[in-house]
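Inspection log for the structure reproduced underneath, given as structure tokens.
Every chain is numbered from 1 and lettered A, B, ... according to where its sequence line falls, protein lines coming before strand lines. As a basis for the values below, the full set of heavy atoms in this structure was taken, side chains included, without hydrogen atoms, waters or symmetry mates.
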Protein chains: 2
Amino acid sequence: MPKLDESLLTGLPPFSLLERTQIREILGLATPRRFDEGTAIFSEGFAADHFFLLLDGYLRVVRTTPGGDQIIVLHISPGQLFGIAPALQRDTYPATAIAAAESIALSWPARLWPEFTAKYQGFASESFKTVGQRLGQIQDTLTEMATQAVEKRVAAAVLRMVNQSGRKTDQGIEIAFPITRQNISDMTGTTLHTVSRLLSAWEKDGIVRSTRKHIVVTDPHRLVLISDAQG
Amino acid sequence: MPKLDESLLTGLPPFSLLERTQIREILGLATPRRFDEGTAIFSEGFAADHFFLLLDGYLRVVRTTPGGDQIIVLHISPGQLFGIAPALQRDTYPATAIAAAESIALSWPARLWPEFTAKYQGFASESFKTVGQRLGQIQDTLTEMATQAVEKRVAAAVLRMVNQSGRKTDQGIEIAFPITRQNISDMTGTTLHTVSRLLSAWEKDGIVRSTRKHIVVTDPHRLVLISDAQG
DNA sequence: CGCACTCTTGAGCTTTCTCAAACCTCGTGG
DNA sequence: CCACGAGGTTTGAGAAAGCTCAAGAGTGCG
């Protein structure tokens, strides 16, 4: 097991109010683990026996319908807590978490949750803040799905990923994890064909540039216009 | 101000573990209020200075897009906490709550939230359970919206309302609050025209029976078949 | 008794999906 | 080091679901 440095947690919201010694304590209880791209960290419906913190990489949070359709509910970026079903008194995970890229996460047994919230100043409130933000995010997505045409939904989905994980390159802003047309269609409730056509059109217009599993937004402003345009 | 009877809260999940005296204490701090059909209890984006419990009636939780489209995120039934933004460290409400029928609610100032969770055994955990359930519910709706055809979404929406508020009549099970075609289209991301056509067709098939703002499901089983059918 | 709101229904049109086929890219194993 | 195969992407053509536009009829409140 690799040695865990306390700097890993310092400054992250749920731990920002804590003393060094407390952070060391928390790290001592954590189990770090690496996940290959495509691996499930936990699965929908399974016993929620751990909660997690993503140290590095990106995750997709996914739900699958009885009919076999898949939808990506949200993405998790480094520094975020996830799998916090224990916080909501759930005994099973409500969705599946899959590594979108090679990822490293810390995990703690669910039984430590009440202890953490009782013992560590600010841990509970920051965690619930995360829940609140995520709830808001899902509501936004729902609203968008219910009211916007496909092109806007796809533009908004791409922008969300860019905002959450974008890194600057000389070409523009690049989504930091592998992403397929199929993935985007799972985020927006459309088909990979439609996404492919849209990206092709945008590429022709100089708004994006993409290769296999890889998207660079060269003109974010135009993409914002597409996602915001009313009608 | 009407006298509040402690039996109002006894047995409701967030209060079920409490002593009589505690319940009396909590009631003493509450402000009861009546809302006419169509009135907003609170509005999206406004300061989240209170949290609430619905005693009687039904609420719609609604979001409005910049483009003016409206979507109904969920309904609240009697006995449920709502407007619990304070629990999630939010300082504004993420959605608008509107009385779907004449309703009565208790409200408490948001600053009492930390006090309640600290002081009353089980209040925090039950409240977070509610949050978790609501999160799951919204995720279900999102998944449905992203993957199912309009007819199934409408069938599912009607069934959800029936399950949450249905009361038996000699004709079948009746949705207990006024509901228009437009309302249903706002729940399912379609148009009132399409909803009207679907209800007409179902009525012809003997599955539902409806008058102005009023729906009775005469054959719930067939409706379940429609909402579940795969394809 | 009239006006505002709700509901119904038809016709035509758009958007998006489905089906189909081909091409590209990259990793793997011979 | 090349060939192969799996997975990812592109594009066209046709079909279909559901939307828009339009008009009219029913319902109930003030």
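Counting only N and O atoms by type, the side chains of A:Arg33 and A:Thr39 include no donor and acceptor under 3.5 Å apart. If you check the side chains of B:Thr143 and B:Asp140, you find no donor sitting under 3.5 Å from an acceptor. A donor-acceptor contact under 3.5 angstrom links the side chains of A:Arg63 and B:Gln139, judged on distance only.
Side-chain rings of B:Phe52 and B:Phe82 approach one another, their centers coming within less than 6.0 Å. Taking the six-membered ring where the residue is Trp, the centroids of B:Phe46 and B:Tyr93 are separated by 6.0 Å or more.
Annotation for A:Ala99 and A:Ile41: closest pair N-CD1, 3.7 Å, computed over non-hydrogen atoms.
With D:dT11, C:dT16, D:dG18 as the candidates, the nucleotide lying closest to the side chain of B:Thr194 is D:dG18.
Put simply, the side chain of B:His193 and the base of C:dT9 share a donor and an acceptor less than 3.5 Å apart.
The pair A:Arg167-A:Glu174 meets the salt-bridge criterion, with a side-chain N (NZ, NE, NH1 or NH2) lying under 4.0 Å from an Asp/Glu carboxylate O.
Rounded to 10°, the angle separating the first-five-pair axis and the last-five-pair axis of the helix from C:dC1-D:dG30 to C:dG30-D:dC1 equals 40°.
As a whole-Å value, the separation of B:Lys204 NZ from C:dT9 P is 6 Å. A straight line from CD1 of B:Ile184 to P of C:dT8 spans 10 Å, rounded to a whole angstrom. Distance CD (B:Gln148) to P (D:dG18): 11 Å, rounded to an integer number of Å. At whole-Å resolution of the value, CG in A:Leu199 and P in D:dG8 are 15 Å apart. Separating the CG atom of A:Leu198 from the P atom of D:dT10 is a distance of 11 Å, rounded to the nearest angstrom. Between B:Met145 atom CE and D:dG18 atom C1' there is a gap of 15 Å when expressed in whole angstrom units. The interatomic distance linking A:Arg197 (CZ) with C:dT15 (C1') rounds to 12 Å, in whole Å.
When the side-chain nitrogen and oxygen atoms of B:Thr190 are compared with OP1 and OP2 of D:dG18, none of them lie within a distance under 4.0 Å. The phosphate of D:dT20 (OP1 or OP2) has no side-chain N or O of B:Thr191 nearer than 4.0 angstrom.
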Which pairs, protein N/O on one side and nucleotides 4-7 of chain C N/O on the other, fall under 3.5 Å?
{"from": "C:dC5", "atom 1": "O2", "to": "B:Arg212", "atom 2": "NH2", "distance (Å)": "2.3"}
{"from": "C:dT6", "atom 1": "O4'", "to": "B:Arg212", "atom 2": "NH2", "distance (Å)": "3.1"}
{"from": "C:dC7", "atom 1": "OP1", "to": "B:Lys213", "atom 2": "N", "distance (Å)": "2.9"}
{"from": "C:dC7", "atom 1": "OP2", "to": "B:Arg181", "atom 2": "N", "distance (Å)": "2.9"}

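Note on ring orientation: taking the six-membered ring where Trp is involved, the planes of A:Phe51 and A:Trp108 are parallel (angle under 30°, cut-offs 30° and 60°).
A donor-acceptor pair under 3.5 Å links the side-chain atoms of B:Thr96 to the main chain of B:Glu44, judged by distance alone.
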